[in-house]
Structures are given as structure tokens and as C-alpha cells.
Amino acid sequence: MKRLTRFSLIASALLLAATAAEARMYRYTDENGQIVISNTIPQEASRRGYDILNSKGRVIDSVDPAPTAEEIAAREAREQREEAERIQREKDQALLKRFSHPDQAVRAMHRKIRELEGLNQLKRGNISVILSQLDNEEGRAADMERAGRDIPESMLEKIRRLEAQIHDIEQEIASQKAEIQSLRDDFEADIRRLETLTGEERTLPLERPEDNQ
């Protein structure tokens, strides 16, 4: 008897749930602007948004209209703008941790550029040494040609190797010059941003005195 009662309760609950589901109605606006209440809703009407009613005609839920292409574009633009603003805030916070005044960034820029230019100066010195070696080897080769002797392949190989070393170092110097310019551009942008963030203007020149010599 107890099993039967429990089964009856479950069956009654399922029946009530089914009845409640069937009792749901939809209220929407048709293509003519008329309010319609029905137990079904056309796909086109659902895109315009609708209300879900219970058996007593009360609104129990609402579905917003599907966004238009313009609304989607505006939302995406807003999200992109908000993301850009978030990234900028993070950059600003990192920048202010590094420098509290634009002059600090100016000093850091000059120091870093001096380091890179110092490396380039060393590389130019290396080129001078290699050029001297190359001149000696080419001079020896020229003397052998004038004497009617064959130039050894080992000597020709050494000349080619020295020329390649000079070319490689010149490429490194050119690359580092580009790096210095990129570094300067980044620092100058940071300095301008610091002036905006701190409300302080730099008092130091962007160009070092030796740069104008």
C-alpha cells in the first residue's frame, strides 16, 4: 500500500508539471505590431523578444529581443575600447612603478643609449683591427701576384673570412643603431605619458650634449 501511495505521488507530480508546462503561454508582437498571446511562438517573433505567461496570465519571464547588427557592432567596439583602456591602465601602473618623475625616465634613456653606443664603439674598434689584418693579407697577396707566384688557397680563404667578419660586425652595428632609435622612441613616448600622469614636465633635454657635437 505504501509503494502504491508513493508511486501515485510521483505520478501526480509529473502530471502537475506537465500541466504547468502546457499552461505556459507566450506574448509577443507580430509583424504588424499587434500583441499576440499563444502557446507557441514563431521564430521571427521570438527574435523581437517576448514574455512568458503562467496559466493566470502573469509574466513569469521575459526574453529580450535579439541584438541588431548595429548593436552587436557597438557592443564589440565598446568591449574593444574597454580592453584597450584596461591595458593602458596596466601600462600606466607599471610605468609609475619605474619612474615617479619624467626626468627619471630621461636619465634612464640616456644611460641605456650610452651603454648601447659603447657596445657599438667596441665593435667599430674590432672592425679597425680586422681591417688592419685584411690590409696585411691583401698586401701579401698583391706582392705574390707581382712576383708571379700563385696565391695559396689558405691565404684567399683567410681574406674571405676577414671580409665576412667585417660585414657581420657592420650588420650588428646597423641593427643596434635601429635598436637605439626604437629605444629612444619608446622612452620619449613614456616621458610624454609620465608628464600627463604626474602633471610634471621634464626639465632635462631629450638630447645629450654629445649628441649635438
Side-chain angles (χ1 to χ4, degrees), residues 73 75-213:
R75 182 183 64 201
E76 291 176 349
R78 182 179 67 255
E79 290 174 351
Q80 291 175 0
R81 183 173 63 254
E82 290 173 351
E83 177 65 9
E85 290 172 352
R86 183 190 65 78
I87 293 173
Q88 186 62 59
R89 283 194 301 272
E90 291 180 354
K91 288 182 177 180
D92 290 344
Q93 291 171 359
L95 184 60
L96 289 170
K97 286 182 179 179
R98 292 173 60 200
F99 310 111
S100 60
H101 191 280
D103 283 349
Q104 291 180 333
V106 175
R107 294 189 188 95
M109 177 181 69
H110 290 169
R111 182 169 60 252
K112 187 62 178 178
I113 289 176
R114 276 196 300 269
E115 291 173 1
L116 294 176
E117 289 180 342
L119 292 175
N120 269 355
Q121 192 62 36
L122 290 174
K123 291 175 181 179
R124 292 189 186 96
N126 291 338
I127 288 179
S128 297
V129 172
I130 297 172
L131 275 174
S132 178
Q133 295 175 0
L134 181 60
D135 288 342
N136 289 336
E137 293 299 321
E138 288 178 340
R140 289 174 57 198
D143 290 341
M144 295 179 73
E145 279 187 327
R146 283 192 292 269
R149 297 165 54 192
D150 292 335
I151 302 173
E153 181 59 31
S154 59
M155 181 177 291
L156 293 174
E157 176 60 28
K158 185 174 183 180
I159 289 173
R160 287 193 291 267
R161 186 172 66 251
L162 291 171
E163 290 174 339
Q165 288 176 354
I166 292 172
H167 177 267
D168 290 344
I169 296 174
E170 288 176 340
Q171 290 293 102
E172 291 176 6
I173 291 174
S175 177
Q176 204 149 41
K177 282 184 177 179
E179 182 182 347
I180 289 172
Q181 185 57 53
S182 177
L183 176 77
R184 182 186 295 277
D185 292 341
D186 290 343
F187 262 106
E188 290 183 1
D190 286 345
I191 291 165
R192 290 191 297 271
R193 186 62 181 169
L194 280 167
E195 289 178 328
T196 298
L197 293 173
T198 64
E200 300 281 350
E201 293 186 2
R202 64 177 174 82
T203 63
L204 299 176
L206 295 177
E207 298 292 334
R208 297 171 300 160
E210 56 266 36
D211 292 337
N212 297 322
Q213 294 178 356

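Just so you know, these numbers use all the heavy atoms, side chains as well, and skip hydrogens, waters and symmetry mates.
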Begin from the C-alpha positions of Ile166 and Asn126 and carry the test side-chain contact (heavy atoms from CB on, under 4.5 Å) through to its verdict. CA-CA 8 Å; Ile166 292 172; Asn126 291 338; over 6 Å; no
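- Between Pro152 and Glu157, the closest side-chain pair of non-hydrogen atoms is not below 4.5 Å.
- How far CZ of Arg98 is from CG of Asp190: 6.0 Å, rounded to the nearest 0.5 Å.
- A pairwise comparison of heavy atoms in Gln176 and Asn120 identifies OE1-OD1, 2.7 Å as the closest pair.
- The salt bridge (charged side-chain N to carboxylate O under 4.0 Å, His left out) contacts involving residues 192-205 comprise Asp92-Arg193, where partners must be two or more places apart or lie in separate chains.
- Put simply, the side chain of Ser128 gets close to the backbone of Arg124: a donor and an acceptor are under 3.5 Å apart.
- To the nearest 0.5 Å, atoms CG (Asn136) and CZ (Arg140) are separated by 8.5 Å.
- Atom CG in Leu122 sits 10.0 Å away from atom CD1 in Ile173 (nearest 0.5 Å).
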For side-chain contact (heavy atoms from CB on, under 4.5 Å), just list the numbers for Met109 and Asp186, CA-CA rounded to whole Å, side-chain angles, deciding distance to a tenth of an Å, and then say yes or no. CA-CA 9 Å; Met109 177 181 69; Asp186 290 343; over 6 Å; no
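- In this structure, Ile127 CD1 and Ile169 CD1 are separated by 5.5 Å, a value rounded to the nearest 0.5 Å.
- Between Phe187 and Ala108, the shortest heavy-atom distance links the atoms CE2-CB, 3.9 Å.
- The pair Glu83-Arg86 meets the salt-bridge criterion, with a side-chain N (NZ, NE, NH1 or NH2) lying under 4.0 Å from an Asp/Glu carboxylate O.
- Judged purely by atom type and a 3.5 angstrom limit, Ser182 has no side-chain atom pairing as donor or acceptor with the backbone of Ala178.
- Leu206 and Arg184 make their closest contact through O-NH1, 3.6 Å (heavy atoms, listed as atom of the first residue, atom of the second, distance).
- Residue Arg160 qualifies as enclosed at atom CZ: its count of foreign heavy atoms under 6.0 Å is above 12.
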Could you walk me through whether Arg161 and Gln165 pass the side-chain contact (heavy atoms from CB on, under 4.5 Å) check? CA-CA 6 Å; Arg161 186 172 66 251; Gln165 288 176 354; 3.9 Å; yes
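- Nearest heavy-atom pair across Ala105 and Leu194 is CB-CD1, 3.7 Å.
- Here Glu85 pairs with nothing under the side chain to side chain donor-acceptor pair (under 3.5 Å) rule; sequence neighbours left out.
- Of the N and O atoms on the side chains of Ser175 and Gln171, not one donor lies less than 3.5 Å from an acceptor on the other residue.
- A heavy-atom distance below 4.5 Å is not found between the side chains of Asp103 and Ile191.
- For the side-chain contact (heavy atoms from CB on, under 4.5 Å) criterion with Arg78, the lone passing option out of Gln80, Glu82, Glu76 is Glu82.
- Not one N or O on the side chain of Gln121 forms a donor-acceptor pair closer than 3.5 Å with the backbone of Glu117.
- Using a cutoff of 4.0 Å between basic side-chain nitrogens and carboxylate oxygens, Arg146 and Asp143 are scored as salt-bridged.
- Glu137 contributes atom CD, which lies 10.5 Å from atom CG of Asp135 (distance to the nearest 0.5 angstrom).
- Side-chain contact check for Lys158 and Gln133: no donor-acceptor pair (N or O, by modelled atom type) lies under 3.5 Å.
- Minimum interatomic distance between Val106 and Pro205 (heavy atoms only, all atoms of both residues): CG1-O, 3.5 Å.
- Within 6.0 Å of CG on Asp185 lie more than 12 heavy atoms contributed by other residues, nucleotides or ligands.
- Under the rule for a side chain to side chain donor-acceptor pair (under 3.5 Å), Lys91 has no partner lying at least two apart in sequence or in another chain.
- Counting only heavy atoms from C-beta outward, the side chains of Thr198 and Leu96 approach each other to under 4.5 Å.
- Atom CD of Glu163 and atom CG of Leu131 lie 10.0 Å apart (nearest 0.5 Å).
- Contact annotation: the side chain of Glu170 never approaches that of Lys123 to less than 4.5 Å [non-hydrogen atoms, C-beta and beyond].
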